[in-house]
K.L.:
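Starting off with a structure, shown below.
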2 protein chains.
Amino acid sequence: MAGTKRERPKVSNKTDGNRTQMAYRKIKEMMFNYDIVPGQRLIFVDFANRLGVSRTPINNALSILANEGFLDFIPNQGYRVHEITREEANHLYEIREIIELGAIELAIKKVSPEKLKTLETQKKLYEKSVMQQVTRGRFTLDQEFHACYVQMAENPYLTDYFREVYQRIFLRHRIEGLPVGRSREVVIEHKEIFKAISMKDVGAAQKLIKQHIRAGKDYIFSAIFGQKSI
Amino acid sequence: MAGTKRERPKVSNKTDGNRTQMAYRKIKEMMFNYDIVPGQRLIFVDFANRLGVSRTPINNALSILANEGFLDFIPNQGYRVHEITREEANHLYEIREIIELGAIELAIKKVSPEKLKTLETQKKLYEKSVMQQVTRGRFTLDQEFHACYVQMAENPYLTDYFREVYQRIFLRHRIEGLPVGRSREVVIEHKEIFKAISMKDVGAAQKLIKQHIRAGKDYIFSAIFGQKSI
DNA sequence: TAATGTAATATTGTATGCAATATTAAATGT
DNA sequence: ACATTTAATATTGCATACAATATTACATTA
């Protein structure tokens, strides 16, 4: 096949945007499906073949993901899925707390019946997945609940940073494989947080969120490391 | 020259890392020197010629910078330096406040004589530039003072996020061109903040930092937009 | 067998060619 | 002159070629 005229699909599949963006999305998706796992080396050609594109857009996508901290990069040795240490996970939880506590203060200044409705919907989606014992995707539902009140702060950058931090933590935990352990408590805690927000009680909301994040962290840390955090 | 054998310098100039990273750094530098300005379209070949490399590493560098929010990207229309709106600047200041107030709480838990010494040095560097009326680079010195106490929190991710936010604000302001206006007050405020930190008074430090950030913001907003923030 | 060296293979890094698309300039009509 | 079409030019997006480097497989020796 060497020397063949270069090929290119007729239309660029508008929904996908360009190939770099498509590759970026697909590779990130693969990370969250644990299709590629922390520590694993990523080979350009493999992705190129898998995604049906050349190495150029793969290269672009990987350099972005590395810049975001999802991948490690060593010159001439390529990319690996970042394997986060316990210490790093601690740091990410610290930031998550700072972001959420900061966001909730702004969010409560801007509550509206519509927003509360949306938040309640998210809360119920998580609840439902627990009731029906659907473990798959539950971590994402939790993320959505938290993202929802962060979003209420109406600061898109803040939401972006929140998501990035949350996703970086997620990648550490391979949470989908974990036992369901704390989900009943989570349902209750979400309910309390929702209540504090709807009552516009900043102090209470912050206290509850702090406890909620730390309890989740402790649970995860003991599940993964066999010990509490720090 | 067309069809000439492709060239490549003998050694890869270890200090520069690879070409992509070099391009990334240089282009960012150009942004902060206002060598390229908000709204300006960035042409691949221009950078390639300017930096003496091909379009490939430029492409990589630009896609990273776009992902970080410094550039806007429109498919098939290339990259432009992001032109931040007043609203966006407000959002960035909100995040900056959240990050710094969160960081200072952690930082104060971890103060040590050495760290205070470093912070004092940074404080004095800014002071000196005001005394000697060196306006060039003063904004960077301010950043370093703030980064210094954020760094005391010993959370590298937090420092990264702080720098990113601060730089994104900087890009908006073209601050180097602004009148020196508030710098005498800044010196005093830095002194007060330093004092609160060295006395491990979290509440006072947070209050002072909040005021400091807001005063700076108001000054900048009125200098740029001719009106106070919001 | 383990360690070391060496050849074979794989992979990265980047320059470049070319099609698709966008932008600009020129030409034409109103 | 101004708008509109058309041609000319520029630019992006991507595939690919090839050198530099890294990795692996294999042979050789201790």
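On a predicted model such as this, the values are computed, not experimentally measured, just so you know. Chain naming here is simple, since letters A, B, ... match the order of the sequence lines and numbering starts at 1 in each.
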K.L.:
For the helix from dT1(C)-dA30(D) to dT30(C)-dA1(D), what angle lies between the axis at the first five pairs and the axis at the last five pairs, to 10 degrees?
P.N.:
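End-to-end axis angle for the helix from dT1(C)-dA30(D) to dT30(C)-dA1(D): 10°, rounded to 10°.
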K.L.:
Applying salt bridge (charged side-chain N to carboxylate O under 4.0 Å, His left out) as the test, list every pair that has at least one member in residues 143-152 of chain B; sequence neighbours left out.
P.N.:
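Matches after skipping sequence neighbours: Glu144(B)-Arg163(B).
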K.L.:
Quick one: ring-ring contact (aromatic ring centres under 6.0 Å, His included) partners of Phe47(B), sequence neighbours excluded?
P.N.:
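For Phe47(B), no residue satisfies ring-ring contact (aromatic ring centres under 6.0 Å, His included) once neighbours in sequence are set aside.
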K.L.:
Arg80(B) CZ to dT11(D) P: how many Å, rounded?
P.N.:
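Spelled out: CZ on Arg80(B) to P on dT11(D) is 12 Å.
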K.L.:
List for me each residue that meets ring-ring contact (aromatic ring centres under 6.0 Å, His included) alongside Tyr166(B), sequence neighbours excluded, and say none if there are none.
P.N.:
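With neighbours one apart ignored, the set is Phe139(B), Phe162(B).
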K.L.:
Return the set of residues passing ring-ring contact (aromatic ring centres under 6.0 Å, His included) with His212(A) (not counting sequence neighbours), or none when no residue passes.
P.N.:
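His212(A): ring-ring contact (aromatic ring centres under 6.0 Å, His included) contacts with His146(A), His190(A).
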K.L.:
In this structure, how many angstroms lie between the P atom of dA19(D) and the CZ atom of Arg19(B), rounded?
P.N.:
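In whole Å, dA19(D) P lies 15 Å from Arg19(B) CZ.
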K.L.:
Over all strands shown, is Phe73(A) touching base, sugar-phosphate only, or nothing at heavy-atom distances under 4.0 angstrom?
P.N.:
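Answer is sugar-phosphate: Phe73(A) comes under 4.0 Å of backbone atoms only.
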K.L.:
To the nearest angstrom, how far is Asn76(B) atom CG from dG13(D) atom C1'?
P.N.:
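Asn76(B) atom CG is separated from dG13(D) atom C1' by 7 Å.
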K.L.:
Report the distance from atom CD1 of Ile74(B) to atom C1' of dT12(D), rounded to the nearest whole Å.
P.N.:
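The answer, rounded to whole Å, is 13 Å.
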K.L.:
Under the rule for side chain to side chain contact (heavy atoms under 4.5 Å, CB included), what residues qualify as partners of Ile209(B), not counting sequence neighbours?
P.N.:
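Testing Ile209(B) for side chain to side chain contact (heavy atoms under 4.5 Å, CB included), a comparison that skips the adjacent residues, returns Glu100(B), Leu101(B), Ile104(B), Tyr149(B), Ile193(B), Ile213(B).
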K.L.:
How would you list all residue pairs meeting salt bridge (charged side-chain N to carboxylate O under 4.0 Å, His left out) that involve residues 33-56 of chain B, not counting sequence neighbours?
P.N.:
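Matches after skipping sequence neighbours: Asp35(B)-Arg50(B).
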K.L.:
Any side-chain N or O of Gln77(B) under 4.0 Å from OP1/OP2 of dT23(C)?
P.N.:
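Yes, within the criterion.
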K.L.:
Give, ordered by number, those residues of residues 40-67 of chain B having at least one heavy-atom distance below 4.0 Å to an atom of DNA chain D; if nothing qualifies, reply none.
P.N.:
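When residues 40-67 of chain B is checked for heavy atoms under 4.0 Å from DNA chain D, the hits, listed by number, are Arg41(B), Leu42(B), Ile43(B), Phe44(B), Arg55(B).
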K.L.:
Between the side chains of Glu114(A) and Ser112(A), does any donor sit under 3.5 Å from an acceptor?
P.N.:
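Looking only at side-chain atoms, Ser112(A) and Glu114(A) do form a donor-acceptor pair, the distance falling under 3.5 Å.
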K.L.:
Under the ring-ring contact (aromatic ring centres under 6.0 Å, His included) rule, collect the residues that match up with Phe70(A), sequence neighbours excluded.
P.N.:
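ring-ring contact (aromatic ring centres under 6.0 Å, His included) list for Phe70(A), sorted by chain: empty.
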